[in-house]
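The structure appears right after this line, and notes come after that.
We count residues from 1, following the sequence as given.
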Amino acid sequence: MLTLLHLLSSIALLVWGTHIVRTGIMRVYGSHLRRLLGHSMANAPMAFTAGIGVTALVQSSNATALLAISFVAQSLMTLPTALAVMLGADVGTALMARVLTLDLSWLSPLFTLVGVCLFLSRKQTRAGQLGRVLIGLGLIILALQLIVAAAEPITEARGMQVLFTSLAGDILLAVVVGALFAVMSYSSLAAVLLIATLASAGLIGLPVALGVVIGANVGSGVLAWLNATPQPVPARRVALGNLLYKLAGLLVLPFLPMLVEWMSGLGYSPQTQVIAFHLVYNSLRCLLLLPTVRPMADLCERLLPERAQDNGVAQPRHLDPAALETPTLALANATRETLRIGDLVEIMLARLLEALREDRPEPGDDIRRLDDDVDALYSGVKLYLARMPRDDLAEQESRRWAEIIELAINLEQAGDIIEHMLGKVQNLKTSKRRSFSDRGVSELSQLHALLCANLSLGLSVFLSGDSASARQLLQQKRQFRKKERELAHAHVHRLHQQVVESIETSAAHLELIADMKRLNSLFCSAAYAALEGQQAQRGRQPVDPPQKPQVAPAPLPGKPART
């Protein structure tokens, strides 16, 4: 039992090592790898070569699949090009399996020592992430040695020999086992390395080993399909074509017994035979299938036709899941989507002014629809940022993460306030059949213009982080408050003069001014974050903190609290 536990723990160490290498490479060179794939769209051979190179670096065809799927989902890559990239990814995985099975035992302690020193001393820098990659490589090499050591006692057990001998006659079962292990370990590379190591230890025979290798290839295709399930139809077509290409490789199964008989006479070690078969099998399969990427793309389009499913609610455009392991890209994507929320809030403000000046129902309908869009995009940004791995974020990246989520929350609250303001205006005009005085509408329009200007400047400060613009925004915030007090006093003066319209709309008028004041505070909050970021970079304590902490407004009537 203890021997089996050692074997399982060694397998877990192998899977964990491949995961560390993949995430480390993506965090350091993720943007460069995406650029490499993006520039390889001229023809299928270039895309095929790019797929080999990217997969050889990240040691995961699934990571390459996520990149290709995200490009197709954003209309940055055509389907035939993405399928060529996926074929190249299979060859890249086979090449890395060959490299990692060389006699590299002396590199394991060296990689681990250097990697730990770099990672602990410079954790939040590029050198620290490269140290993470070295740790992963050291763990992979160490895990392969431990698997061999743990498998030796198992091979001597008579019961285990009988068990694996019984599996030798069922190649189809071996294929299923390989596919399941690739899905469970999230890596076909780990599955192939494990099988090659077990074959070298004599724990499994060559027919079973080759069947498991073929199954591991199919499992990686299933894994890519599962990851693409939540994606749009164009992205799922990439995963479907990739899976069909993997299934096409099953055509070699009837010839496997003859192939095993031929390979057994070559005199090579079982490990070498397994790795060589994996490399030759993937290379020939992918090269033969490369000219068929366009017919395969047409087939996938017929099997997964585009269906218009417009539920009237906006969907995130820039939240690419494949960029989550590259913090810089993920934060840039979240920033773009948050700015999109700001644009929707700006349109809501324009429609609010129309509702204030006119009696048409269309501006109100637009505001309600836009508020649903704001809520949907806010939820998308919030969940996207929650999925980001924050443990290894640099200080500046952590600060940017907080700025994005804070602005997204403020904009979502602003959308709710605008919709609530619309309800006050429509209730006054429709239910009570009253209207604001011309002077009152003019005053509210003045505040509205200042509000729109502050929103625009606040979004600019959020994007650039410019301290001069941040100070200008705070100055405009003070001017807005001064203007708000002047207009409130002017309204009270009209009440003193017994202006009928002002008396009838007094409560709504003052409530709208108060709501605009709250909106202004939400829009100007980006200035404090920008100034604090500048002070943090200079290593100084804040000199002029905000006089009052920003307190989130209470949930509005009729709006559920958001988490």
Side-chain angles (χ1 to χ4, degrees), residues 335 338-339 341-353 356 374 378 399-400 402-421 424 440 442-492 509-538 540-554 556:
T335 298
T338 305
L339 291 174
I341 299 176
D343 293 338
L344 294 180
V345 172
E346 189 173 12
I347 298 174
M348 292 179 70
L349 281 176
R351 297 295 183 271
L352 179 65
L353 185 61
L356 187 65
V374 168
Y378 162 71
R399 189 165 54 248
R400 187 58 173 171
E403 291 174 2
I404 295 172
I405 193 65
E406 288 170 6
L407 181 62
I409 292 173
N410 288 344
L411 291 175
E412 192 274 338
Q413 291 178 351
D416 292 345
I417 293 173
I418 294 172
E419 186 179 22
H420 192 55
M421 293 170 68
K424 295 177 183 178
S442 176
E443 291 175 353
L444 292 175
S445 299
Q446 293 177 41
L447 277 185
H448 181 277
L450 294 176
L451 200 59
C452 292
N454 287 351
L455 171 60
S456 179
L457 183 56
L459 294 176
S460 176
V461 169
F462 165 73
L463 181 61
S464 66
D466 180 56
S467 57
S469 299
R471 294 188 183 93
Q472 180 185 352
L473 181 58
L474 293 181
Q475 178 64 28
Q476 292 187 190
K477 179 180 181 181
R478 290 188 285 269
Q479 292 177 356
F480 183 93
R481 288 182 175 179
K482 180 179 178 182
K483 188 68 174 178
E484 169 257 326
R485 287 193 295 267
E486 291 177 358
L487 297 183
H489 296 166
H491 175 74
V492 174
H509 186 96
L510 294 177
E511 287 177 3
L512 290 176
I513 290 178
D515 288 335
M516 289 187 179
K517 181 179 178 181
R518 293 171 62 192
L519 287 174
N520 187 59
S521 296
L522 293 173
F523 296 158
C524 296
S525 62
Y528 298 114
L531 293 176
E532 289 171 1
Q534 291 288 335
Q535 291 163 347
Q537 290 180 359
R538 298 191 189 102
R540 297 202 306 259
Q541 294 294 326
V543 177
D544 185 21
Q547 298 178 355
K548 294 182 180 181
Q550 294 295 320
V551 180
L556 297 169

Practice item. Compare every heavy atom of Ala527 with every heavy atom of Ala470, then report the nearest pair and how far apart it is. Key: O-CB, 3.5 Å
Review point. Does the distance from a Lys or Arg side-chain N to an Asp or Glu carboxylate O, for Glu484 and Arg481, drop under 4.0 Å?
Key: no
Practice item. To the nearest 0.5 Å, tell me how far Leu512 CG sits from Glu443 CD. Key: 12.0 Å
Practice item. Kindly compute the distance separating CG (Leu353) from CG (Leu349), expressed to the nearest 0.5 Å. Key: 9.0 Å
Just distance, no hydrogens or angles: give the donor-acceptor pairs under 3.5 Å from side chains in residues 449-456, sequence neighbours left out.
| unit_1 | atom_1 | unit_2 | atom_2 | d |
| --- | --- | --- | --- | --- |
| Asn454 | OD1 | Gln476 | NE2 | 2.6 |
| Asn454 | ND2 | Asn520 | OD1 | 2.5 |

Review point. Does the side-chain contact (heavy atoms from CB on, under 4.5 Å) test come out yes or no for Met516 and Met421, once each step is laid out?
Key: CA-CA 9 Å; Met516 289 187 179; Met421 293 170 68; 3.8 Å; yes
**Study point:** Rounded distance (nearest 0.5 Å) linking atom CD of Gln475 with atom SG of Cys524
**Key:** 11.0 Å
**Study point:** Lys517: partners by side chain to side chain donor-acceptor pair (under 3.5 Å), with sequence neighbours left out
**Key:** none
Review point. Would Glu412 and Asp416 count as a side-chain contact (heavy atoms from CB on, under 4.5 Å) if you check the C-alpha gap in whole Å, the side-chain angles of each, and the deciding distance to 0.1 Å?
Key: CA-CA 7 Å; Glu412 192 274 338; Asp416 292 345; 3.0 Å; yes
Check your understanding: Could you go step by step and tell me if Leu411 and Leu522 meet the side-chain contact (heavy atoms from CB on, under 4.5 Å) rule?
Key -> CA-CA 7 Å; Leu411 291 175; Leu522 293 173; over 6 Å; no
Point to revise | Single hit among Asn410, Val374, Leu459 for side-chain contact (heavy atoms from CB on, under 4.5 Å) with Val345 | key: Val374
Review point. In Å, rounded to the nearest 0.5 Å, how long is the span from CG of Leu519 to CZ of Phe480?
Key: 8.0 Å
Study note, to complete from the structure: Sequence neighbours excluded, the answer for side chain to side chain donor-acceptor pair (under 3.5 Å) partners of Glu511 is none
Exercise for review: Mind checking the NE2-CG spacing from His448 to Leu352? Nearest 0.5 Å is all I need.
Suggested key: 5.5 Å
Check your understanding: Closest approach of Ser521 and Lys477, non-hydrogen atoms and distance?
Key -> OG-CE, 4.1 Å
Check your understanding: Does anything in residues 344-353 pair up under salt bridge (Lys or Arg N to Asp or Glu O under 4.0 Å), and if so which pairs, sequence neighbours excluded?
Key -> Arg351-Glu354, Arg351-Asp366
Check your understanding: Residues two or more places apart in sequence or in another chain: which of them pass side chain to side chain donor-acceptor pair (under 3.5 Å) with Ser469?
Key -> Asp466
Exercise for review: Applying side chain to side chain donor-acceptor pair (under 3.5 Å), name anything that partners Asp343, two or more places apart in sequence or on another chain.
Suggested key: none
Point to revise | CG on Leu473 to CZ on Phe523, rounded to 0.5 Å | key: 11.0 Å
